[in-house]
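As a basis for the values below, the full set of heavy atoms in this structure was taken, side chains included, without hydrogen atoms, waters or symmetry mates. Nothing here was measured: the structure is a model prediction, and the numbers come from that model.
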Amino acid sequence: RPSQYLQNSSTKNSYNDAWRIFVNSSSLLPKPEKHIVSPNSIDPYENNFDLDFRIRFERHDGFSPTAHWRQNFRHKETAAKDAATALTLSDEDIAKLSHKSVEWMDANNPIADENTEYGARLKRLTENITEVNGLKLNFKVYDVEDVNAFACGDGSIRVFSSLMDIMDDDELMAIIGHEIGHVVHADVKQAMKNAYLASAARGIVSSTGGLAAKLSDSQLGDVVQAFTDAQFSQSQEYEADDYGMQFCIEHGFDPYGMARSLEKLVELSKGEKASTIQKMFSSHPDSEKRAARVREKADELTATQNQAQ
């Protein structure tokens, strides 16, 4: 029942579809006063609902301020079930959720195909990069203004055209390698789990694994929003940066590409294009520190190679 969620207070008898709450004395209320907390369109049998709190403070001297806010409540059993489901999502579940999410994004963003300058360039750079650790990779370009790139657990790599506009081939491949690093290190797997738990799609994945029902368009959009808002930790970013630099070396690109790409993003964040790279910076923090770190690693690598010659 909704009343069970009104914690840290004493719930008294119901009063015209509301609750009377008695609280302790405070500087605002010199003595315990009545507060009326009114529910807004609540079905007491729902496990997930919003409450509109409209509280009127009635003081003996006639002073009567009001406060209003909305808060979402979830039944503790439902929350625990959702958390348990997210923790037990299999790699196959993640791949399916990722694939459906990417399908949704592909359908809702303009794609530059291989006949365009962007598509042809990405194909030239990645045509020999078909898999990583047994996972097949696929690449596409979103022809959008934002500067970004991302990877999903199903092997989908998406690069934004505005990122391609500002990066040379070495820098672009470093970023692509960085995103693949997030896949290899299972960072995107955890991000998708968190996105599932935070989204309206929770409950779609069955306890036995697999998709119990087809995700609706709005549910997919909710998962995508939560996934793209995910922020990686500093250690995850460092590992992905290292992978991106090694990726460049293995595929014949400049090991300094990773450092230069980060330095370029830091510089752009201070200029007119700051708003276009906001998303990339929010999900990939500490770019300036990371740029200095990976440049130092490239310097060490170059010095070692020079000594060996």
Under a 3.5 Å distance rule, please check whether [X] uses its side chain to pair with a backbone N or O of [Y] as donor and acceptor.
X      : Y      : result
Ser98  : Cys152 : no
Glu171 : Asp168 : yes
Lys189 : Gly153 : no
His178 : Ala174 : no
Asp146 : Asn148 : no
Asn108 : Trp104 : yes

Can you tell if the side chain of [X] reaches within under 4.5 Å of the side chain of [Y], non-hydrogen atoms only?
X      : Y      : value
Asp299 : Tyr256 : yes
Val144 : Pro110 : yes
Val184 : Tyr243 : yes
Val141 : Ile111 : no
Glu296 : Leu301 : no
Asp254 : Arg260 : yes
Asp154 : Lys96  : no

Does the distance from a Lys or Arg side-chain N to an Asp or Glu carboxylate O, for Arg295 and Glu263, drop under 4.0 Å?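 Judged by the 4.0 Å cut-off on N to carboxylate O distance, Arg295 and Glu263 do form a salt bridge.
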Under a 4.0 Å N-O cut-off, is there an ion pair linking Arg124 with Asp169?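 Answer for the salt bridge query: yes.
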Between [atom1] on residue [X] and [atom2] on residue [Y], distance to nearest 0.5 Å:
X      : Y      : atom1 : atom2 : result
Glu267 : Ile166 : CD    : CD1   : 11.5 Å
Gln190 : Ser233 : CD    : OG    : 10.5 Å
Phe150 : Ser156 : CZ    : OG    : 8.0 Å
Leu122 : Arg158 : CG    : CZ    : 9.5 Å
Glu131 : Asn138 : CD    : CG    : 13.0 Å
Ile180 : Ile175 : CD1   : CD1   : 12.5 Å

For [X] and [Y], test the side chains for any donor-to-acceptor distance below 3.5 angstrom and give the result as yes or no.
X      : Y      : answer
Asp106 : Tyr142 : yes
His182 : Glu237 : yes
Asp229 : Gln225 : yes
Tyr118 : Asp113 : no

Mind checking whether Phe232 and Val223 sit in one hydrophobic cluster, side chains of I, L, V, M, F, W, Y counted as touching below 4.5 Å?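 Yes, Phe232 connects to Val223 through the hydrophobic network.
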Residue pair [X] / [Y]: nearest heavy atoms and the distance that separates them:
X      : Y      : result
Ser287 : Leu262 : O-CB, 4.1 Å
Val294 : Asp241 : CG2-O, 4.2 Å
Glu239 : His185 : O-CE1, 3.4 Å
Gly244 : Met258 : CA-SD, 4.1 Å
Leu265 : Val147 : CD2-CG1, 4.0 Å
Phe227 : Ala151 : CZ-O, 3.6 Å

For Glu103, does the CD atom have more than 12 heavy-atom neighbours from other residues, nucleotides or ligands under 6.0 Å away?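 More than 12 within 6.0 Å, yes.
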Does Tyr238 have Arg290 sitting over its ring (NZ/CZ under 6.0 Å from centre, angle to axis within 45°)?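 No, cation not above the ring by the 6.0 Å, 45° rule.
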Side chain to side chain contact (heavy atoms under 4.5 Å, CB included) with His251: which of Ile176, Ile129, Leu125?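 Exactly one pass, corresponding to Ile129.
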